[in-house]
There are 2 protein chains.
Amino acid sequence: MPSYFTSSPGKVILFGEHAVVYGKVATAGSLGLRSYCLIQSRTDKTVEVSLPDVQLARTWSISDIPRQDQWTGYPYPPPMNFELLDQLTKFVDLGTHTNRSQAAIALLYLHSYLTTDSTASQGYDFSVRANLPVGAGLGSSASYCVCVATALLQLNGHLSTGLDKETQRDLINQWAFQAEKVIHGNPSGIDNTVSTLGGAVMFKKGEKIEPMPGFQSLRFLLTNTRVPRETQVQVANVRKLREKYPNVVDPMLDSINEISTSCKQLFSQEGLDRSQLLTQFGELVDVNHGLLAALGVSHPALEKVREISSKLGLKSKLTGAGGGGCALTLIRDDVSPATVEVVKQLLEAEGFQCMETSVGGPGAGILTLASPTSIQEFLSHDKMYFEEATQEWAYFA
Amino acid sequence: MPSYFTSSPGKVILFGEHAVVYGKVATAGSLGLRSYCLIQSRTDKTVEVSLPDVQLARTWSISDIPRQDQWTGYPYPPPMNFELLDQLTKFVDLGTHTNRSQAAIALLYLHSYLTTDSTASQGYDFSVRANLPVGAGLGSSASYCVCVATALLQLNGHLSTGLDKETQRDLINQWAFQAEKVIHGNPSGIDNTVSTLGGAVMFKKGEKIEPMPGFQSLRFLLTNTRVPRETQVQVANVRKLREKYPNVVDPMLDSINEISTSCKQLFSQEGLDRSQLLTQFGELVDVNHGLLAALGVSHPALEKVREISSKLGLKSKLTGAGGGGCALTLIRDDVSPATVEVVKQLLEAEGFQCMETSVGGPGAGILTLASPTSIQEFLSHDKMYFEEATQEWAYFA
């Protein structure tokens, strides 16, 4: 009775929000906050799914779940199968646009292609827990998809046939992207790539996503202002501003482009010590936030995060589309735990949610547990339990 | 016994702070807050000077004051006379770098060239009062110099020999610039030009200062944060940032350049009604402040002005070098007096000083009083008295 524990990170945009819409380079990094999946074989030819974060608990007989001709491991996933999608939507019968329904359909879509006859003759328990805010622009859905893809690829033996790490990563990323398409329709592919690869990546519309060489893990305080994000509204506002003042806005977008380029140079610069690197990274954080504020996509709550953190000498920027959502505050190595505690308390006093985390850690990972863990036990753990267990993990990147 | 009442405005930078250091266009406008000068002939061959704002009250015998060969009205002022400057510094004997000493020396420098034998045979009383904060980056010294130049040119008949307005303005501006040089050594010439011409001007390092055509007077709330300005420090910080990240900073400076250009276009655009104009001007205010903040020259007190005013739907930006000093808040025509009152109260509760004023009003002006006003009466008036008397004035621009 094999059991697998998979994990994959959320993502944050470090630099380049909005500018990326106009063909500029942006930088994203993997978030220390991760999703965790436990998958265990059973013998009664059923699949039992527990997704407590979206209040889903269902058991299906495997023979009832629509299943495609078995996928043989390569080539990459076939194009989106809309007929299958319709069948699965009817099968799970949870409506179409709820998180719960989409999570179940994405899982079963991958199940339908990846399940071998051997797995089908046994069944499995499947549970995912997300230790990151859902719907906050932190790539929670991609993190879920990467977790699911890793778990199902591993359960069905698709990762254990002598493939090199790069190919394994590629497989996970491609299938996770397929699951993301089930959920989002037309995702950019950034989130699943960051979640699979870990570290940091640079990307540009229509071009290949490239890992940022030499990126070092950085500590951040992640603050969720709890002000709802307004991605569409903010993107539209920047577009309007640019239409009115193209000569003013275009150089601002160019400047943002160069922030990602400068970040890349920082991490590849010989002889730059960690402390200098963090100081300069903080300067780029500061400038990028200023440019985003100048584009009109900040919010009083985000400015409050800046005000509080700057009082203690820390640099913050909004992350994502702005108008609400989250801010990142860089915690340099020389910042004392007491200072971090003060900042957290001041931010929490404003009603914000604060999480100490890192950016640039490992991507998708997998672990065969020494002694089987029951789903019940998995579900009963405090979420922080998983964070603390991560040193035992094997990662693909 | 002729007596003259002259007046000239302070200035604010509307757009282009810091970028102007790198050869970009900036925009400045005349401030509704002005200096006022009363000059009256007397018969005892003495000059009695009262400058209450710098605590100066002195009486000199005209024959004791160093005097140059009489200036004949044209050409423009001769080059800076450092020998005369030394003589005057010794003569006033008030030290070298106090406001009081510099104000007295600048006045006597102009006296020395402009005084005719006729004036010298009579003498005069001279008093200036400034209704604008001194040393706050609002051009108080240029406003003083323009007042003085206008008064002395008029007293000695240099403006009344059939010259056209443009030539009169030019004379005032050139002599005021000379007085500015006495005070500042190497001033840019922007402040005295704005104070002389009124309205708004665009300027670029090393190029001629150009009036902005079609500029309309705008209402502003001017907030002095009372945080000392740090011009040198801020200019140096921007320079350092640019040296580190030229590719990031240069487009930001380009963008600021285009804000002045967009402002010029706004005022010359056919068919744009006043309300649209004010909305767009506010957008440019917002973007320019964001860019200045991104360059690192804002201050928590300036951000507080932004926070408070934006809560009431008003747009603000820092004006001048930043790091403290003043902020401008645009008061659109549709903003109710009650809203302005609320904003003022909130800002004053933070310890800031608020002044309702306008930008773009008239420049240097002169008025022959119907009935003589004594210096004592002039000095006893509340400063606001002068603001209210301005409709009776004749301006050069």
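If you're wondering where the values come from, they're calculated on a predicted model, not measured in any experiment.
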side-chain contact (heavy atoms from CB on, under 4.5 Å) for A:V287 and B:L241? Distances and angles first, verdict last. CA-CA 10 Å; A:V287 175; B:L241 193 72; 4.1 Å; yes
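Both the backbone and the side chain of B:Q280 come within contact range of chain A, each with at least one heavy atom under 4.5 Å from a heavy atom of that chain.
Interface with chain A: from residues 296-314 of chain B, residues B:E303, B:K304, B:E307 qualify, criterion being any non-hydrogen pair under 4.5 Å. Applying a 4.5 Å heavy-atom cutoff, the residues of residues 244-262 of chain B that approach chain A are B:K244, B:Y245, B:N247, B:V248, B:P251, B:M252, B:D254, B:S255, B:E258, B:I259, B:S262.
Applying the salt bridge (charged side-chain N to carboxylate O under 4.0 Å, His left out) criterion to A:D273, with sequence neighbours excluded, gives no partner residue. Every residue meeting the salt bridge (charged side-chain N to carboxylate O under 4.0 Å, His left out) condition with A:E17, not counting sequence neighbours, appears here in chain and number order: A:K317.
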